[in-house]
Amino acid sequence: MNIFRLAGDMTHLVSVLVLLLKIHTIKSCAGISLKTQELYALVFTTRYLDLFTDYISLYNTVMKLIFLGSSFSIVWYIRRHKIVRRSYDKDQDTFRHYFIVLPCLVLALLIHHKFTFKEVMWTFSLYLEAVAILPQLVLLQRTRNIDNLTGQYVFLLGAYRALYILNWIYRHYTEPHYVHWITWIAGIVQTLLYADFFYYYFQSWKNNVKLQLPA
Amino acid sequence: RHYDYDHDEL
């Protein structure tokens, strides 16, 4: 565990908890894409299948349980909570799941390290995580006016990815056989998706104006 | 090379 990895995990954790807390306290999910949240729930479910078979560390197990629990709680709030679900803007959040899920599944079946159920599911989760933010980015682009919390949520998620890249560079130099190109390529693609958002986020922060994305 | 990634990342 290095400082980049820990900072990345903490940023990821804070992003998810900020979102859950926001939904819980203001009883609104305005600006949040249910599609992205469902994809994340699927990402964690397929990635953490090893929760039942392998033990890595207490830290690892606890974090996995938090990510699983929080992602399913968010989906539950948006779909089932009687007040929260009213604020969900279904008409704007139109991205199709299968449009993302199917290509990732096909890719995972074709490109993986080992052809076992667990390994293919793990690889699928990496590909899926790389693009799961797309419905959220499309929603931000459409609504244009982004409230602070949604902006911070997306910013924290992007920061988490950037920190993971630093972690891989660090591990590559400190651990002799640390070469995981599937993880790296998926991670770099994922981080690049945030580049555009980051640009406007920093602009708005620098000029001290409300974050708006161009149409 | 033997593949031995232990999936220690989240």
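Given the structure is predicted, the values throughout are model-derived calculations rather than measurements. Proteins get letters first, then strands, A, B, ... in listed order; numbering begins at 1 in each.
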Do any of residues 6-45 of chain A have a heavy atom less than 4.5 Å from a heavy atom of chain B, and if so, which, in residue order? D9(A)

Closest non-hydrogen atom pair between F67(A) and L10(B), with its separation: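 Smallest interatomic distance, heavy atoms only, reads CE1-CD1, 4.2 Å.
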
Starting at CD1 of I56(A), measure out to NE2 of H7(B) and round the result to the nearest 0.5 Å. 8.0 Å

If I measure from the heavy atoms of chain B, does D50(A) come under 4.5 Å with its side chain, its backbone, both, or neither? side chain

Please indicate whether [X] has more than 12 foreign heavy atoms, meaning atoms of other residues, nucleotides or ligands, lying under 6.0 Å from its [atom1].
| X | atom1 | result |
| --- | --- | --- |
| Y55(A) | OH | yes |
| Y170(A) | OH | no |
| W205(A) | CH2 | no |
| L192(A) | CG | yes |

Using the side chain to side chain donor-acceptor pair (under 3.5 Å) criterion, which residues pair with [X]? Sequence neighbours excluded.
| X | value |
| --- | --- |
| D89(A) | none |
| Y201(A) | none |
| S57(A) | none |

Let's go through D8(B) and Y59(A) carefully: what are the C-alpha distance in whole Å and the side-chain angles of both, what is the deciding distance for side chain to side chain contact (heavy atoms under 4.5 Å, CB included) to 0.1 Å, and is it a yes or a no? CA-CA 10 Å; D8(B) 67 334; Y59(A) 172 83; over 6 Å; no

Less than 4.0 Å between a side-chain N and a carboxylate O, is that true for R47(A) and E9(B)?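 Looking at R47(A) together with E9(B), the answer is no, because their closest N to O distance does not fall below 4.0 Å.
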
